[in-house]
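Every number for a ligand or one of its atoms is a count from 1 in the order of the listing.
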Amino acid sequence: HIFSSVQRVETLYEEEGRLTRALMRYKDTSVNNGTHVGDKVIKFVENIYTQRSTVDDAGLWVGHPINALRLILRVAEDWEKVFEEIFCDDCPDTYAAKDLQISKKIALNAVKIWPTKDDILGAVRGILRLWRIYQLDLQQLVNGTVLQESSNPLSWREMLAIARGAIDLGMHYDGITWMTSLLETNSKGQLGSDSKFEEDTLRKILASAYYQVGMAWKAVEVLEKSDASKRGSNYEFYKTRLAALPKGTSREKLQPPEYTDRYQAPYEALCRGPLKSAKMQARLKCFLTNTRIPFYKIRAEIVNSKPIIIIYHNVISNSEMEFLRNEGEKSLTYSKIFAESGQHLMANKRVSQTAWLKDTDHHLLLRLNKRISTITGLDMTFRDHLSSVERYQVVNYGVGGEYGPHNDHLGKPLWGRGGLPEALEINDSGDRIATWMFYLSSVKAGGATVFPLLKARVPVTEGSAVFWYNTLPNGSTNKKMMHAGCPVLLGTKWVANKWIRQHGQVLRKLCGKTEKANFEIDNI
Ligand SMILES: O=C(O)CCC(=O)C(=O)O
Ligand SMILES: [Fe+2]
């Protein structure tokens, strides 16, 4: 799915450019030849052409979540209609039509899977997530503004896609709020004149959503704003249900959904900003750390002292990052997570695409391993069996993409097989003793890596890496290391994970002296 990687959305944007140029040629030659072209097609292509010509950086443009949704909607719905009209059975098989047909094939090849309704819903879910977690102002969003970054205001259709999408996704609170806002904006006449007549339809959708959350009185109230003849067949039904409610039933206001996961609220708060007290913050420090190479020092920043979480700055060059992004892009697929059942699953909790790069396939990766080893003191040898490390996992986040709270450890016994299907080389490598994660891009807003149980927060900084231990020195898992990747608000977030396994660290990291011992960073 395209929505799960902003990089894929950017590809879609570029391919839409190809289609736009082909459709322009089609329009021009058809007009010249006197072949019929529908007014809608002419209006559509001219409109897209003007809209696209105001964009000078495609990456920045798709990094704005409203633009991403706009593009996905346009391709999944509008372009489909254009194709249906031009490639109909008895349409003339002109050269220009064939040219467009070929452009479509090339575009499809580049984006792999054409966006569908699921992509629209995925982008809608992303925008609603951003709206909730970053407490964005609804009116600003409707105006196309996210923080300081503006885009064109939402069209009537785009707002409807969000409101209706929310209801389809079972997010009634969101759906009702957006639909109400849509009706208000509409009645103020802000969304263009051709939309007015649909109001009765909107009210029916809104009423149904209210009814579904048990607010029959609101359903009735909403429909009563329509003319009696346009209230639809459900109106009477809602009225009978309302009459059947026991007297004195309290008519509460619509409530936002409650969190089912107890870590969700602290996670979201930490995504919005730092939570450590000034006193705790003052104990953290920034310094130059030694490495295993004399005189090679790295700028390090402690974000949590016990257990240790540390940021290393400028540990990967631009060309190395570019290599990881490009090489990763070639094989990005929808991210999975390990489920309790021991299977890999796709999940709303992790909206991104990932690619695995094998260290021994590229010298550059081995060079990075050396660097990480030099800094952490851990063994980073990649082997075909009993490897000390996993392959590099390159990740690109989607529209409003996040990775909800989780732990990286696998709960595997030391040097033994767990129940999970894994790559051959790490089958017997034990648990993920530590995580090293490179930030391969900057984002304009959002996307921090946060540790809700420690109130630690790592902002996305291109060229930096974050490092922590997932286990205690005695080998047991450290649940406090629960962490998450916050939703990306503006921009494209790329990271590369390097999971370091227990095997291979025997001589480097001895067991703790006490049960309670924490790992410490060497050389501090
Ligand atoms: O992207 C992030 O900030 C965190 C990613 C992460 O925790 C993971 O991929 O395991
Ligand atoms: Fe993680």
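- No other N/O/S atom of Asp408 lies as close to the Fe ion (ligand 2) as OD1 does.
- Shown in contact with Met437 at under 4.0 Å from a heavy atom are these atoms of ligand 1, numbered in order with element: 2 (C), 3 (O), 4 (C), 5 (C).
- Side-chain contact, Glu390 with Trp356: no donor N or O sits under 3.5 Å from an acceptor N or O.
- There is a side-chain donor-acceptor pair under 3.5 Å between Ser4 and Gln353.
- Only the side chain of Asp408 comes within contact range of ligand 1, with a heavy atom under 4.0 Å; no backbone atom does.
- Regarding atom 2 (C) of ligand 1, its nearest protein heavy-atom neighbour is Lys493 NZ, 3.2 Å.
- Scanning the protein for heavy atoms near atom 5 (C) of ligand 1, the closest one is Tyr397 OH, 3.4 Å.
- Using modelled atom types, no side-chain atom of Arg299 and backbone atom of Asn314 make a donor-acceptor pair closer than 3.5 Å.
- Rounded to 10°, the angle formed at the Fe ion (ligand 2) by His406 NE2 and His483 NE2 is 90°.
- There is no side-chain donor-acceptor pair under 3.5 Å between Asp431 and Thr471.
- Atom 9 (O) of ligand 1 has its closest protein heavy atom at Asn497 ND2, 2.9 Å.
- The number of heavy atoms from other shown groups lying within 6.0 Å of CD1 (Ile113) does not exceed 12.
- Proximity of a side-chain donor or acceptor of Arg8 to a complementary backbone N or O of Leu332 within less than 3.5 Å is detected.
- Looking at atom 3 (O) of ligand 1, its nearest protein heavy atom turns out to be Thr449 OG1, 2.5 Å.
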